[in-house]
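Okay, so here's the structure we're looking at.
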There are 2 protein chains.
Amino acid sequence: MDHEPDASELLVHASHALRRSWMASLEPWNVAPHEFRALRAAADMEPARLSDLADRLRIANRSVTEVVDSLEGKGLVQRAPSPTDRRAVVVSLTESGAHMMSEIAGARSAAGQAFLEPLSEQERATLSTLLARLVGDSPPHRSHR
Amino acid sequence: MDHEPDASELLVHASHALRRSWMASLEPWNVAPHEFRALRAAADMEPARLSDLADRLRIANRSVTEVVDSLEGKGLVQRAPSPTDRRAVVVSLTESGAHMMSEIAGARSAAGQAFLEPLSEQERATLSTLLARLVGDSPPHRSHR
DNA sequence: TATTGTTATACTCTATAACTATA
DNA sequence: TATAGTTATAGAGTATAACAATA
């Protein structure tokens, strides 16, 4: 029943370890993981329609309402009516939201670097190349849809 | 604000893609992901004390009661009093649970292979080596604690 | 005094359905 | 007729606290 872990098992183990480290680096800001994901997506697509956020985050429309409510409650984003579609709502980051995003992104990237520390520059490049092939080469979740 | 994804970002993207494929391969069996995780852990540590399962799965003791209840309700595992500690309960797989585990493991490994298909044998080996270094070399979650 | 598993309860994240207002 | 976002409601998965039995 015991077997050597193959590349796919190792992949999820490594990603779990990294994710735990990222979650830890999120703590000082009192922002839940799903809130950070939404904040990052909003920053990335700014100004973002709620339904586009739903697609990007792979969650239901209703759930976007939820997380945007909480981000708005924390003063990190703000809603505005879409200028082009009167049914739609777009969110953008407040100054404080943008500031927090950049601080968290810094901590996150530091944690990522620390995680990759066992590998040389050369090895990281190799890893990146192989992983990019696995996710289909095209950088995932790019802003242009 | 747009930046090239580094190895750590790619790592989670790849692992997410793989996890989605694994979840899909779980569907035919009507077993939720967290149930499969618990079933696999139980198989791996058999006979497993509930509190050891909690440690392994990184969830609270109370939550193990929950998932073991549901696995037991599906006839996949069974509880028994620990022979060495009268406070404790151990779970073991039923015949049907063991059978399902091996079928799912097969489907899962097939999905893993399909996912790795873009890489040559050589490249998979390289990937494994690099990832193993990242997770600390010692194969993660080995039975001996 | 500490630990095991459970009962009771509640939280977080996400979902479906029904509705309003636009398109 | 279809879509965007919301209100109302519910589900899954996990958590904390209090407890009884045992260590």
Side-chain angles (χ1 to χ4, degrees), chain A residues 16 19-20 22-24 26-27 29-42 45-74 76-92 145, chain B residues 12 16 19-20 22-24 26-27 29-42 45 47-74 76-92 145:
Chain A
H16 281 175
R19 206 132 55 90
R20 275 192 293 276
W22 271 344
M23 279 182 53
L26 223 47
E27 254 170 44
W29 282 279
N30 189 33
V31 172
H34 81 289
E35 289 175 327
F36 172 69
R37 265 176 258 130
L39 188 62
R40 182 181 44 175
M45 312 167 68
E46 198 168 20
R49 286 168 52 115
L50 295 199
S51 48
D52 289 341
L53 277 177
D55 289 349
R56 163 77 159 255
L57 298 169
R58 298 178 202 260
I59 61 180
N61 232 300
R62 175 59 183 91
S63 307
V64 174
T65 296
E66 197 81 14
V67 64
V68 168
D69 279 353
S70 85
L71 289 177
E72 203 170 29
K74 291 177 177 180
L76 302 176
V77 303
Q78 57 205 1
R79 271 180 244 241
S82 161
T84 60
D85 185 337
R86 292 199 305 192
R87 295 168 304 177
V89 169
V90 296
V91 299
S92 54
R145 346 173 17 106
Chain B
V12 306
H16 280 175
R19 206 129 57 88
R20 276 192 292 276
W22 271 344
M23 278 181 53
L26 222 48
E27 255 170 44
W29 282 279
N30 189 34
V31 172
H34 81 287
E35 291 175 326
F36 172 69
R37 265 176 258 130
L39 189 61
R40 183 180 44 177
M45 313 167 68
R49 285 168 52 115
L50 296 199
S51 49
D52 289 340
L53 277 177
D55 289 348
R56 163 78 158 257
L57 297 170
R58 299 180 202 258
I59 61 179
N61 233 303
R62 175 61 183 90
S63 307
V64 174
T65 295
E66 198 81 14
V67 64
V68 168
D69 278 354
S70 86
L71 289 177
E72 203 171 28
K74 291 177 177 181
L76 302 176
V77 303
Q78 56 205 0
R79 272 181 243 241
S82 161
T84 59
D85 184 337
R86 289 199 305 190
R87 294 170 304 180
V89 169
V90 296
V91 300
S92 53
R145 344 173 18 105

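The sequence lines fix the lettering, A, B, ..., with proteins before strands; numbering per chain opens at 1. Computation of the quantities below employed the complete heavy-atom set of this structure, encompassing side-chain atoms and omitting hydrogens, waters and symmetry-equivalent molecules.
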Once you round it to whole Å, what is the distance between [atom2] of [N] and [atom1] of [X]?
X	N	atom1	atom2	value
A:L50	C:dA21	CG	C1'	15 Å
A:E72	D:dG5	CD	C1'	13 Å
B:D52	C:dT3	CG	C1'	12 Å
B:R37	D:dG13	CZ	P	9 Å
B:H34	C:dT14	NE2	P	17 Å
B:R58	D:dG13	CZ	C1'	17 Å
B:M23	D:dG13	CE	C1'	13 Å
A:I59	D:dG11	CD1	P	20 Å

Going by modelled atom types, is there a donor-acceptor pair between the base of D:dT14 and the side chain of B:R62 at under 3.5 Å?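 By the distance-only test, no, there is no pair.
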
Once hydrogens and angles are ignored, does a donor-acceptor distance under 3.5 Å link the base of C:dT22 to the side chain of A:R86?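 Result: no qualifying N/O pair found.
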
Verdict with supporting geometry, A:D69 and A:T65, side chain to side chain contact (heavy atoms under 4.5 Å, CB included): CA-CA 6 Å; A:D69 279 353; A:T65 296; 3.9 Å; yes

Side chain of [X]: nearest nucleotide among [options]?
X	options	value
B:R87	C:dT3, C:dA15, D:dG5	C:dT3
A:D85	C:dA23, D:dG5, C:dT14	C:dA23
B:A32	D:dG5, D:dA15, D:dG13	D:dG13

Do B:L26 and B:E35 have side-chain heavy atoms sitting under 4.5 Å apart?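 A side-chain contact under 4.5 Å is absent here.
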
It should be established whether B:T65 places a side-chain nitrogen or oxygen under 4.0 Å from OP1 or OP2 of nucleotide C:dG5.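 For C:dG5, OP1/OP2 do not have a side-chain N/O of B:T65 under 4.0 Å.
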
Presence of A:N61 side-chain N/O under 4.0 Å of D:dA4 phosphate oxygens OP1/OP2: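 Result: no.
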
Under the side chain to side chain contact (heavy atoms under 4.5 Å, CB included) criterion, do A:R62 and A:E66 qualify, and how do the steps go? CA-CA 7 Å; A:R62 175 59 183 91; A:E66 197 81 14; 3.0 Å; yes

Please classify the nucleic acid contact of B:S63 as base, sugar-phosphate, or nothing, using heavy-atom distances under 4.0 Å.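 Touches a base.
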
Identify whether any heavy atom of A:S51 sits under 4.0 Å from a base atom; if not, whether one sits that close to sugar-phosphate; answer base, sugar-phosphate or nothing.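 Since only primed, P, OP1 and OP2 atoms lie under 4.0 Å of A:S51, the category is sugar-phosphate.
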
Between A:E66 and A:R79, name the one whose nearest nucleotide on DNA chain D is closer to the 5' end.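 Taking each residue's closest nucleotide, the earlier one in sequence belongs to A:R79.
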
Start with the C-alpha distance between A:R49 and A:D85, add both sets of side-chain angles, then the distance that settles side chain to side chain contact (heavy atoms under 4.5 Å, CB included), and finish with yes or no. CA-CA 10 Å; A:R49 286 168 52 115; A:D85 185 337; 3.8 Å; yes

Starting at the 5' end of DNA chain C, which residue's closest nucleotide do you reach first, A:T84 or A:A60?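 First, find each residue's nearest nucleotide; the 5'-ward one identifies A:A60.
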
Before you tell me yes or no, could you show the steps for A:L57 and A:H34 under side chain to side chain contact (heavy atoms under 4.5 Å, CB included), namely the whole-Å CA-CA distance, both residues' side-chain angles and the distance that decides it to 0.1 Å? CA-CA 9 Å; A:L57 298 169; A:H34 81 289; over 6 Å; no

